[in-house]
Amino acid sequence: MDLEEHEPSSPKMHQVLDEEGELIGEEPDIEDDTLKDMYWWMFYARKADEKALKLQRQGRMGTFAPIKGQEAAQVGASTAMKDDDWFVPAFRELGAYLQRDVALEQNYKYFMGDARGNEIPGDVNNLPIAVPVSTQIPHAVGLAWGIKRDGGGKAVLTVFGDGATSEGDFHEGLNFAGVLNVPAVFFCQNNQWAISVPFEKQTNSETIAQKAHAYGFPGVFVDGNDVLAVHEVTKKALQRAREEEVPTLIEALTYRLSMHTTADDPTRYRSEEELKEWEEKDPIKRFRIYLEKKGIWTEDWQQELEKKAEDKIKEAVDAAENIEDPDPEEMFKYMFEVLPEDLKSQMEYLKRSLREKEIEEEKVEIEGGFP
Ligand SMILES: Cc1ncc(C[n+]2csc(CCOP(=O)(O)OP(=O)(O)O)c2C)c(N)n1
Ligand SMILES: [Mg+2]
């Protein structure tokens, strides 16, 4: 008996474009307008991301999780969704979020520390940002199970990182998805780092995708810097989820070109060479070369997009920075129906301090002095 004959093989990475933007297989069946849209969302996300980093460095934003390098994975996946599918994100999702109708102003507000930035427009099927790693996966499975029980026809796409696959929630969620056959697609953005933990210390599996075999559904390994390949596999997986209620685990291999968050310094744990190697594989550049060869990308069009992105970003910053302050008492409002005593006294203390501050300010106005 030969053991190897009985081992599941590791999946081969799917690509449509090579690293130089050359078509590998057949021309994908995507309309020019959709290709243009995909490029726009990737480019806009990159610009918005760069601006967020600047705002944070200027003290105008709190901690921010940059997406630089992951635009193809995010936009490839989100453009494969239908509007009434559900998107269940982690926290590094700016590209997909913008494409899924969450205004940049909202994203900026959230990272400026305003909880109102995490309010999703009522007609948009997105769940809010989830910072606790992997907790969104069981939520996605529950949502997909609910859809199935209500007659199906929609799919759920949940996104998480390579680090998230080491959490119990990942295993519990995928196990349930397999047992219950729910219409969910599990999309792992393997950016090869979980803060300072590299992929090889995260798992001894060759790929994340192959873990799907253990849960009894398919796993697909795709080049996450190839927007066309990501779009193609995600679209097929979502369709299968909607029509056959078969879940899929997708692993999109990509790279975080920036820091984990603005509170992190990646030069302390990864090499300059590794970064350079992945900068060469920039997903936007690769897609641009392909579009240029097709006659879709031109310098003039790029200038138009630059201007459009700049205007939209400026508007979003203005709106996010000029929003009226929330009522501080809101802090106490939504967790408990009956406020516990300690919180009640904190709320009273807050109210008293605010009243005293108001009186002080009135005095200054009347007396024209300094407090
Ligand atoms: C349950 C939990 N544990 C730890 C953290 C701190 N933390 C935030 S992000 C992160 C790493 C996540 O890595 P990965 O899943 O690969 O996503 P990426 O940050 O690379 O997008 C950790 C440990 C957290 N937010 N939640
Ligand atoms: Mg990661």
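What's counted below: heavy atoms across the whole structure, side chains too, no hydrogens, waters or symmetry copies. Note that ligands are numbered from 1 as they come in the structure, with each ligand's atoms numbered from 1 the same way.
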- Message: Would you say the Mg ion (ligand 2) has Asn191 as a near neighbour, meaning an N/O/S atom of that residue under 2.8 Å away?
- Response: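 For Asn191, the answer is yes, given that an N, O or S atom comes within less than 2.8 Å of the Mg ion (ligand 2).
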- Message: Counting backbone and side-chain atoms alike, is an N, O or S atom of Ala194 positioned under 2.8 Å from the Mg ion (ligand 2)?
- Response: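 Under 2.8 Å: Ala194 has no N, O or S contact with the Mg ion (ligand 2).
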Proximal ligand 1 atoms for [X], defined as those under 4.0 Å from one of its heavy atoms:
X      : answer
Trp193 : 16 (O), 20 (O)
Ala164 : 15 (O)
Asn191 : 18 (P), 20 (O), 21 (O)
Pro132 : 26 (N)

N/O separation below 3.5 Å, [X] to ligand 1:
X      : value
Gly163 : yes
Arg256 : no
Ala194 : no

What protein heavy atom is closest to [atom], reported as residue, atom name and distance in Å?
atom                    : value
atom 3 (N) of ligand 1  : Glu167 OE2, 4.1 Å
atom 25 (N) of ligand 1 : Val131 O, 3.1 Å
atom 21 (O) of ligand 1 : Arg92 NE, 2.8 Å
atom 23 (C) of ligand 1 : Ile195 CD1, 3.9 Å
atom 17 (O) of ligand 1 : Gly161 CA, 3.7 Å

- Task: Is it possible for you to check whether Lys36 lies under 6.0 Å from the centre of the six-membered ring of Trp297, through NZ or CZ, and within 45° of that ring's axis?
- Result: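 Output no; distance or angle outside limits.
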- Message: Tell me if the centroids of the rings in Trp193 and Tyr269 come within less than 6.0 Å of each other.
- Response: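 Yes - the distance between ring centres of Trp193 and Tyr269 falls below the 6.0 Å cut-off.
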Per the side-chain hydrogen bond (donor to acceptor under 3.5 Å, both in side chains) rule, which among [options] passes with [X]?
X      : options                : answer
Ser166 : His171, Gln202, Lys201 : Gln202
Gln70  : Asn191, Thr254, Asn225 : Asn191
Asp85  : Arg242, Lys154, Arg100 : Arg242
Asp223 : Arg286, His14, Lys281  : Arg286

- Task: Find, among atoms of Asp162 that are N, O or S, the one nearest to the Mg ion (ligand 2), and state its name.
- Result: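 Result: OD1.
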- Counting only heavy atoms not in Lys357, do more than 12 fall under 6.0 Å of its NZ?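 No, the 6.0 Å shell around NZ holds no more than 12 heavy atoms from other groups.
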- What heavy-atom pair brings Leu94 and Gln74 nearest, and what distance separates the two atoms?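 Distance-wise, the nearest heavy atoms are N-OE1, 3.6 Å.
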- Message: Judged on heavy-atom distance to atom 8 (C) of ligand 1, which of Val133, Asp162, Asp264 sits nearest?
- Response: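 It is Val133 whose heavy atom sits nearest to atom 8 (C) of ligand 1.
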- Between Gln189 and Glu93, does a side chain to side chain donor-acceptor pair (under 3.5 Å) hold up when you go through it step by step? CA-CA 10 Å; Gln189 293 191 76; Glu93 256 63 87; 2.9 Å; yes
- Message: Just to verify, which of Arg46, Lys276, Lys68, Arg288 counts as forming a salt bridge (Lys or Arg N to Asp or Glu O under 4.0 Å) with Asp282?
- Response: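 Considering Arg46, Lys276, Lys68, Arg288, a salt bridge (Lys or Arg N to Asp or Glu O under 4.0 Å) with Asp282 is found only for Arg46.
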- Item | Verify atom 6 (C) of ligand 1: protein non-hydrogen atom under 4.0 angstrom away |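 No; the ligand atom in question lacks any protein heavy-atom contact below 4.0 Å.
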- Side chain, backbone, both or neither: His260 near ligand 1, heavy atoms under 4.0 Å: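 Looking at His260 and ligand 1, just side chain atoms fall under 4.0 Å.
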- Taking atom types as modelled and ignoring hydrogens, do the side chains of Glu306 and Gln302 form a donor-acceptor contact shorter than 3.5 angstrom?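 Side chains of Glu306 and Gln302: pair found under 3.5 Å.
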